[in-house]
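Proteins get letters first, then strands, A, B, ... in listed order; numbering begins at 1 in each.
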Protein chains: 2
Amino acid sequence: MHSHTEENYLKALFNLANEKGEVSVNDLSKILAIKMPTVNSMVKKLAGKKLVHYESYKPLRLTEKGKKEAGLIIRKHRLTEMFLVQKMGFGWEQVHEIAEQIEHIHSPYFFDKMDEMLGYPKIDPHGSPIPDKTGKVDWIRYEKLSDCGAGETVRLGAVIHSTEEFLKFLNSRKLHLGLKIKIKSVESFDGSMVVSYGKNSTETLSLTVSERLLVEKIG
Amino acid sequence: MHSHTEENYLKALFNLANEKGEVSVNDLSKILAIKMPTVNSMVKKLAGKKLVHYESYKPLRLTEKGKKEAGLIIRKHRLTEMFLVQKMGFGWEQVHEIAEQIEHIHSPYFFDKMDEMLGYPKIDPHGSPIPDKTGKVDWIRYEKLSDCGAGETVRLGAVIHSTEEFLKFLNSRKLHLGLKIKIKSVESFDGSMVVSYGKNSTETLSLTVSERLLVEKIG
DNA sequence: AATAATTGTTAGATTTGTCTAACTTTAAAC
DNA sequence: GTTTAAAGTTAGACAAATCTAACAATTATT
């Protein structure tokens with residue numbers, strides 16, 4: 001089908017589009033750690049395959065075909081992460097690197113089997129939605145914890161920009177998906193939040209952290 | 001570490017050496033479906049990395065380093081096959097293609113976890129030995145069923161040249177590892193064998209089949 | 001032993017994905 | 001509204017892994 005390399009470009013385009021809206025050659029270059037001229041020639045190649053809409057000096061956009069392909073790769077990535085956590089006992093902070101490689105495996109049976117064993121999960125271990133078999137993503141509308149106010153109670157639904165570093169930090173604070181969090185107060189000058197969750201503990205979360213936690217309001 | 005391509009050459013060299021003793025550029029070329037000049041330049045490159053002993057017009061030999069690297073790749077392949085069969089419910093005829101891809105994943109944790117979940121298996125689903133963590137293989141000395149005689153009773157220990165086609169054939173005859181087989185007679189003119197196993201069944205196995213079944217004599 | 005067939009090697013072209021250097025266009029700053 | 005900075009593009013080089021064509025060495029055949 002597509003090369004390992006092409007798949008990485010598609011995936012990066014997909015993810016960047018969902019984070020920032022418009023995607024530039026420069027963004028792609030930074031995220032992939034590949035120089036701009038290389039990216040430029042590659043997106044032209046992808047445009048030739050009708051995976052990307054490309055016009056000089058204009059933002060990059062995936063075609064419908066490109067979105068579907070990207071969605072299917074991300075599906076493999078997220079199913080793998082879920083499998084690694086649920087069936088192999090890895091921590092949510094350990095699975096990205098491995099899934100990054102396994103997502104390129106070509107074998108419908110393999111991923112279908114994972115899906116089946118996992119009971120057709122809708123989200124991955126970080127709360128991100130798993131695209132369906134057509135590559136379509138069912139976006140869950142969460143809001144950032146940082147956009148919530150004092151007195152509100154929320155449930156932690158997903159984590160974004162989930163680097164190993166950040167996930168280890170969350171582990172150390174016993175912060176996990178599904179956790180009910182009460183916002184006690186918000187410091188207006190630095191945006192830090194005092195919250196409580198779990199065993200009566202009281203914790204302070206910096207804005208850097210609360211911006212990366214996606215929640216739904218409850219009660 | 002090494003490229004995907006290099007790993008495939010090492011694995012092929014290792015397997016060929018264990019099947020035929022000496023390995024030629026031509027053998028490698030055929031097994032990898034890569035033209036001889038390409039193979040020639042590649043083995044020189046591997047020689048440059050001290051993985052292969054190379055001299056013009058002489059048979060190819062893996063160095064100790066090469067054997068170790070190859071053993072570790074084969075370890076990953078066979079652990080994966082075992083995992084797919086034991087933990088994911090695949091049939092022994094379905095796992096080769098998938099393992100062929102997963103063997104190139106770089107992640108000690110991933111394979112260690114498989115190993116642990118499987119209880120540190122010594123053989124794969126086809127009876128081939130799984131190299132240890134240093135890449136060393138503990139060869140099991142089986143003999144071919146075709147080398148056994150009438151009246152002998154044997155246990156099926158391994159299958160060689162196990163293509164999907166062949167394994168499906170074995171499935172259809174209910175032939176599986178560990179099965180006790182009694183040799184009733186051997187046709188001298190074509191080498192075919194009349195055997196019995198399982199539920200009193202009587203089967204005839206062609207030489208083509210009995211040459212690919214490795215057994216140990218029992219009682 | 002001479003000849004034919006097979007195997008191995010060399011040389012040079014091709015593709016993919018990368019780079020650097022130089023130039024152009026668009027956007028930002030003053 | 002110039003000028004400067006950032007982003008984008010073009011051109012050309014390069015490494016990895018492949019190929020074909022031509023030639024050389026070894027092995028097999030008669």
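Residues forming a side chain to side chain contact (heavy atoms under 4.5 Å, CB included) with A:Gln101 (at least two apart in sequence, or on another chain): B:Ile105, B:His106. Annotation: salt bridge (charged side-chain N to carboxylate O under 4.0 Å, His left out) contacts of B:Lys113 (sequence neighbours excluded): none. Every residue two or more places apart in sequence or in another chain was checked for a salt bridge (charged side-chain N to carboxylate O under 4.0 Å, His left out) with B:Asp132, and none qualifies. For the salt bridge (charged side-chain N to carboxylate O under 4.0 Å, His left out) test, residues two or more places apart in sequence or in another chain that qualify with A:Lys11 are A:Glu100, A:Glu103. For A:Lys144, there are no salt bridge (charged side-chain N to carboxylate O under 4.0 Å, His left out) partners at least two apart in sequence or on another chain.
Of the residues in residues 21-31 of chain B, those placing a heavy atom less than 4.0 Å from an atom of DNA chain C are B:Ser24, B:Val25, B:Asn26, in numerical order. DNA chain C is contacted by A:Ser3, A:Thr5, A:Tyr9 of residues 2-20 of chain A, taking any non-hydrogen atom closer than 4.0 Å.
Along DNA chain C, the stretch of nucleotides lying under 4.0 Å from any heavy atom of chain B spans, 5' to 3', C:dT7 to C:dA11.
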* Asked: Going through the distances and angles, do A:Ile102 and A:Lys76 end up as a side-chain contact (heavy atoms from CB on, under 4.5 Å)?
  -> CA-CA 8 Å; A:Ile102 294 190; A:Lys76 292 195 284 181; over 6 Å; no
Where do N or O atoms of nucleotides 22-27 of chain D meet protein N or O atoms at under 3.5 Å, pair by pair?
unit_1 : atom_1 : unit_2  : atom_2 : d
D:dA25 : O4'    : B:Tyr57 : OH     : 3.2

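In this structure the side chain of A:Asp115 never reaches within 4.5 angstrom of the side chain of A:Phe83, judged on heavy atoms. Considering only heavy atoms from C-beta on, B:Pro121 comes within 4.5 Å of B:Leu79 through its side chain. By the 4.5 Å heavy-atom criterion applied to side chains, B:Leu175 and B:Ile181 are counted as neighbours.
As rounded to whole Å, 12 Å separates atom P of D:dA15 from atom NZ of B:Lys45. Note: NZ (A:Lys58) to P (D:dT9) measures 11 Å, nearest angstrom. The nearest whole Å value for the distance from the CG atom in B:Leu46 to the P atom in D:dA16 is 12 Å. As rounded to whole Å, 18 Å separates atom C1' of D:dG8 from atom CE of A:Met42. Counting to the nearest Å, the C1' atom of D:dT20 and the CG atom of B:Asn40 are 15 Å from each other.
The stretch residues 207-217 of chain B participates, sequence neighbours left out, in these side chain to side chain donor-acceptor pair (under 3.5 Å) pairs: B:Glu152-B:Lys217. Among pairs with a residue in residues 49-81 of chain A, those fulfilling ring pair (Phe, Tyr, Trp, His ring centres under 6.0 Å) read A:His77-A:His96, at least two apart in sequence or across chains. Sorted by first and then second residue, the ring pair (Phe, Tyr, Trp, His ring centres under 6.0 Å) pairs involving residues 2-30 of chain A (not counting sequence neighbours) are A:His4-A:His104.
Counting non-hydrogen atoms of neighbouring residues, nucleotides and ligands closer than 6.0 angstrom, the CD atom of A:Glu143 exceeds 12 such neighbours.
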